[in-house]
Novice: 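Dropping a structure here in structure tokens format, bear with me for questions.
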Amino acid sequence: MNLEKKNIERRKNAPLTNKEALLFFFLPTNFASFDNSKSTDFNESELKRFKTHGFYLKYKQARELQFYGRIFYVALSIIISYFILF
């Protein structure tokens, strides 16, 4: 196996970087869809890129982080509304 193939396999099995993980966690939804411009949505374009190039580990981690990000924002809104109401 030559060096190029080893690098391709290493990249396919590499996890998300901290920067990518934070972006998927704190921006879990499609904010660009509010103005119907799909070309500016970071998450959707990155997920498509991960799937196209075979980065299935990154794709799986990104989907999980989006889910956890949504839960985080729901919990945060419940906590804030609790303190406002009581």
Novice: Residues two or more places apart in sequence or in another chain: which of them pass ring-ring contact (aromatic ring centres under 6.0 Å, His included) with Phe55?
Specialist: none

Novice: Would you mind listing every salt bridge (Lys or Arg N to Asp or Glu O under 4.0 Å) that reaches into residues 59-68, with sequence neighbours excluded?
Specialist: Lys60-Glu64

Novice: CG of Asn7: more than 12 outside heavy atoms within 6.0 angstrom?
Specialist: yes

Novice: Taking Tyr73 for its side chain and Phe26 for its backbone only, find out whether a donor-acceptor pair lies under 3.5 Å.
Specialist: yes

Novice: List the atom of Leu16, the atom of Gln61, and the distance in Å for their closest heavy-atom pair.
Specialist: N-OE1, 2.8 Å

Novice: Please answer: with hydrophobic residues joined when any side-chain heavy atoms are less than 4.5 Å apart, are Phe86 and Ile80 in the same cluster?
Specialist: no

Novice: Which heavy atom of Pro28 sits nearest a heavy atom of Gly69, and at what distance?
Specialist: CG-C, 3.9 Å

Novice: Compile the donor-acceptor pairs under 3.5 Å between side chains in residues 46-53 and protein atoms, sequence neighbours left out, one pair per line.
Specialist:
from  : atom 1 : to    : atom 2 : distance (Å)
Glu46 : OE1    : Arg49 : NE     : 3.4
Glu46 : OE1    : Arg49 : NH2    : 3.0
Thr52 : OG1    : Lys48 : O      : 2.7

Novice: Which residues pass the ring-ring contact (aromatic ring centres under 6.0 Å, His included) test with Phe72, not counting sequence neighbours?
Specialist: Phe25

Novice: Working to the nearest 0.5 angstrom, can you tell me the gap between Leu65 CG and Leu23 CG?
Specialist: 10.5 Å

Novice: Under the side chain to side chain donor-acceptor pair (under 3.5 Å) test, which residues partner Arg11, sequence neighbours left out?
Specialist: none

Novice: Membership question, hydrophobic clusters at under 4.5 Å side-chain separation (ILVMFWY): are Leu85 and Ile79 in the same one?
Specialist: yes

Novice: Please identify each residue that fulfils ring-ring contact (aromatic ring centres under 6.0 Å, His included) with Phe83, with sequence neighbours left out.
Specialist: none

Novice: Between Ile71 and Leu22, is there a shared hydrophobic cluster once you connect ILVMFWY residues whose side-chain heavy atoms come closer than 4.5 Å?
Specialist: yes

